[in-house]
2 protein chains.
Amino acid sequence: MNSETLKAPKHSDYAHRGCPVEATLDIIGGKGKGSIVCLLLDKTMRFNELQRSLDGISQRILTKQLRELEEAGLVHREVFPEVPPRVEYSLTDKGQSLRSLILELHKWGSENAL
Amino acid sequence: MNSETLKAPKHSDYAHRGCPVEATLDIIGGKGKGSIVCLLLDKTMRFNELQRSLDGISQRILTKQLRELEEAGLVHREVFPEVPPRVEYSLTDKGQSLRSLILELHKWGSENAL
DNA sequence: CAGTATCCACTGGGATACTG
DNA sequence: CAGTATCCCAGTGGATACTG
């Protein structure tokens, strides 16, 4: 079974076909990703610090979102070999390049959504 | 059963709590919504026209996304009582207020995602 | 502290068929 | 033409317990 050719076109496949807007939304659209990038714009943060700031997100999901953002090249993950372990998350340059976009999302949301 | 107090906090609940960024993403983050708003920035379109432009989206989903965008106050739906029926979709002022944001999403996506 | 591992519910979305 | 109505599946996310 060739999973790549057989599978029905999923979300991303189609989404990326036409519109770069959808492509971007696919990257920062997951649960909490907007907030994560938002938080990391200003400072480096540790895992628990992020989790507390995101008020209620589960460890599992936070890990997943961070891994996806890392894979997308937006987030840098640095592990310090200490006891107890310390892991710091920060934005890469590519991540920082989202700044003005995030600020626009923030602005529109403040004025129209909340 | 009070569905509002009993239910576990779902997506939007939590999302909106802290971050306007998430609130915005919740509104334009559904499948095809980015593309839809994008298309409607420039012209009014009919249902089938949209569906063809979105290449592959199902009728059911397109209807759903349009209804949600309408409910969010971004899209105006106008029904012409003709045979065969004609329905035209356009952006409201609130929808048009997304323009610069959409353009930024488009720009970032073109440069970083596709 | 920063995760995995499991299990489970809910929803998003696809496919297809039917209708005013 | 512009939808509804069904049925179905995969993915997302929550809760909880465990670990290096």
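No hydrogens, no waters, no symmetry mates; every other heavy atom, side chains included, goes into these values. Chain letters run A, B, ... following the sequence lines, proteins first, then strands; residues in each count from 1. All of these numbers come straight from a predicted model, not from anything done at the bench.
Contacts of B:F80 with the nucleic acid, taken as non-hydrogen atoms under 4.0 Å apart, are absent.
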- Can you list the steps and then say if A:K33 with A:E68 is a salt bridge (Lys or Arg N to Asp or Glu O under 4.0 Å)? CA-CA 9 Å; A:K33 282 183 186 169; A:E68 288 175 9; 2.4 Å; yes
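Looking at which nucleotide of DNA chain D each of B:Q59 and A:S58 is closest to, the 5′-most match is held by B:Q59. The nearest heavy atom of DNA chain C to A:E49 and to B:P85 marks one nucleotide each, and the one closer to the 5' end goes with A:E49.
Between the side chains of A:S100 and B:E104, a donor-acceptor pair is found at a separation under 3.5 Å. Side chain to side chain, B:E22 and A:S35 meet the donor-acceptor criterion of an N or O pair below 3.5 Å.
Of all the residues in residues 61-74 of chain B, B:T63, B:R67 reach under 4.0 Å from DNA chain D with at least one non-hydrogen atom.
Side chain of A:T92 to backbone of A:H76: no donor-acceptor contact under 3.5 angstrom is found.
For C:dG3, the base has no donor-acceptor partner in the side chain of A:R60 [N/O atoms by modelled type, under 3.5 angstrom].
Picking from C:dG14, D:dC1, C:dA2 the nucleotide with the shortest atom distance to the side chain of B:R46 gives D:dC1.
Taken to the nearest 0.5 Å, the NZ atom of A:K94 stands 7.5 Å off from the OG atom of A:S97.
A straight line from CD1 of A:I36 to P of C:dA2 spans 14 Å, rounded to a whole angstrom. Straight-line distance from the CZ atom of B:R52 to the P atom of D:dG3: 14 Å, rounded to whole Å.
Following chains of ILVMFWY side-chain contacts shorter than 4.5 Å, one cannot reach A:F47 starting from A:F80, and the two form parts of different hydrophobic clusters.
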